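The structure appears below as C-alpha cells.
First listed ligand is number 1; within each ligand, the first listed atom is number 1. Positions are given from 1 along the sequence. If you're wondering where the values come from, they're calculated on a predicted model, not measured in any experiment.
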Amino acid sequence: MSPTILKLGGSVITEKDRAETLDGAALDAAADAIAAAMEGGDVSELVLVHGGGSFGHHHASEAGVTTTDESGDAADAIAIHSAMKTLNQFVLSRLHDRGVPALPVHPLSAGARDADGDLDLPMNQAATMLHEGFVPVLHGDVIATEGEGVTVLSGDEIVTTAAAHLSADRVGLCSTVPGVLDTDEEVIPEITAFADAADALGGSDADADVTGGMAAKVRELLDLGAPASVFGPESIGAFLAGEQPGTTIRGR
Ligand code: IP8
C-alpha cells in the first residue's frame with residue numbers, strides 16, 4: 001500500500017483572523033477537487049489531514065498551549081480538542097455531501113508524546129480504513145505528553161508520521177500560498193536542503209499560529225522519505241492527478 005497524503009492547511013479552510021469561522025467556499029472547492037479526483041480514479045488510497053486555523057489555534061493561543069508549552073488543565077485540552085472536532089465534522093460533512101467515504105481519526109484518543117517529545121501515533125486504524133476503501137481524516141489536536149499534561153500536535157507532524165507509518169509515496173500540503181516563496185515572492189520549484197530556502201523562511205504570517213508556519217513545515221518535510229509538494233488551493237486537483245505543483249521538497 002502506498003497512499004497519497006494530503007493536508008488541507010487550517011488557513012485554507014478557515015477564516016484565520018476570526019475565531020471558529022469556516023471558509024465554507026474554500027472548503028467546498030477543496031472537497032470538489034478531492035471528490036473529482038477519487039471519482040476519476042486519479043487517486044485510490046487517500047489520507048487527509050487538516051490543520052487548526054481559527055478553530056484550534058484560537059483556543060491554543062488563549063490557553064497558552066503550543067507544541068512545547070503544555071497545559072495540565074483538562075478544560076484547556078477540551079476547548080482545543082472540541083474546536084478541532086467541530087472543524088473535522090465540517091470537513092467530513094462536505095466530503096460526505098460529495099460521496100467521499102471519509103471517516104474521522106482523532107489523535108488525542110489515539111496517541112501520546114514521550115518525555116523526549118517523540119510522538120507515538122498508531123496508524124493501524126488509518127491503514128485498515130484505507131484497505132476497506134475509506135478516507136481517514138486526521139487533524140491537528142492536543143496530545144497527552146509525558147510529564148507535561150497536553151501539548152499541541154500539528155497537522156504537519158501528523159503528515160510526517162502518517163507518511164512514514166503508511167509508506168506514503170506522495171505527500172501534498174495545501175497552503176494559502178502557491179508554494180514556498182523566495183524573497184522576491186516567487187515560488188521556489190524545489191528544495192533539497194533547508195539552506196535552499198533559509199533566507200525566505202521567516203516564522204508564520206499569522207500571530208495565532210502556534211506551530212511555526214512555513215519554516216517548520218519545510219524542516220519536517222525534508223525529513224520525509226517521500227517527495228512532498230507545497231501548493232495553493234487551486235492546485236489540489238493537479239496534485240491528486242499526479243502533478244507536482246508549487247514547491248517540491250525532497251530531503252533524501
Ligand atoms: O494547524 C494545529 O495544527 P496545524 C492544531 O496543522 C491545533 O499546525 C490544535 C492548534
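Under a hydrophobic clustering in which Ile, Leu, Val, Met, Phe, Trp and Tyr are joined whenever their side-chain heavy atoms come within less than 4.5 Å, directly or via other members, I158 and I143 fall into the same cluster. With hydrophobic clusters built from ILVMFWY side chains whose heavy atoms lie under 4.5 angstrom apart, I191 shares a cluster with M214.
For ligand 1, the polar-atom distance check finds an N/O of K7 within less than 3.5 Å of one of the ligand's N/O atoms. Taking only nitrogen or oxygen atoms, main chain and side chain alike, H50 does not reach within less than 3.5 Å of ligand 1. Taking any N or O of G52, backbone or side chain, at least one lies under 3.5 Å from an N or O belonging to ligand 1.
Within the 4.0 Å heavy-atom shell around ligand 1 one finds G51.
Below 4.0 Å from some heavy atom of I80 lie the following atoms of ligand 1, by number and element: 9 (C). Near G140, with a cut-off below 4.0 Å to any heavy atom, the atoms of ligand 1 are 3 (O), 5 (C). Those atoms of ligand 1 with a heavy atom of G155 less than 4.0 angstrom away are 3 (O), 4 (P), 6 (O).
Judged purely by distance below 3.5 Å, without hydrogens or angles, the side chains of T145 and T151 pair a donor atom with an acceptor atom.
Pairs of residues two or more places apart, or lying in two chains, that qualify as side chain to side chain donor-acceptor pair (under 3.5 Å) and include a residue from residues 91-100 are D28-R94, D28-R98, D32-R98.
Taking CG of D76 as the start and NE2 of H59 as the end, the distance is 11.0 Å to the nearest 0.5 Å.
Under the rule for a ring pair (Phe, Tyr, Trp, His ring centres under 6.0 Å), the partners of H139 that lie at least two apart in sequence or sit in another chain are H50, H106.
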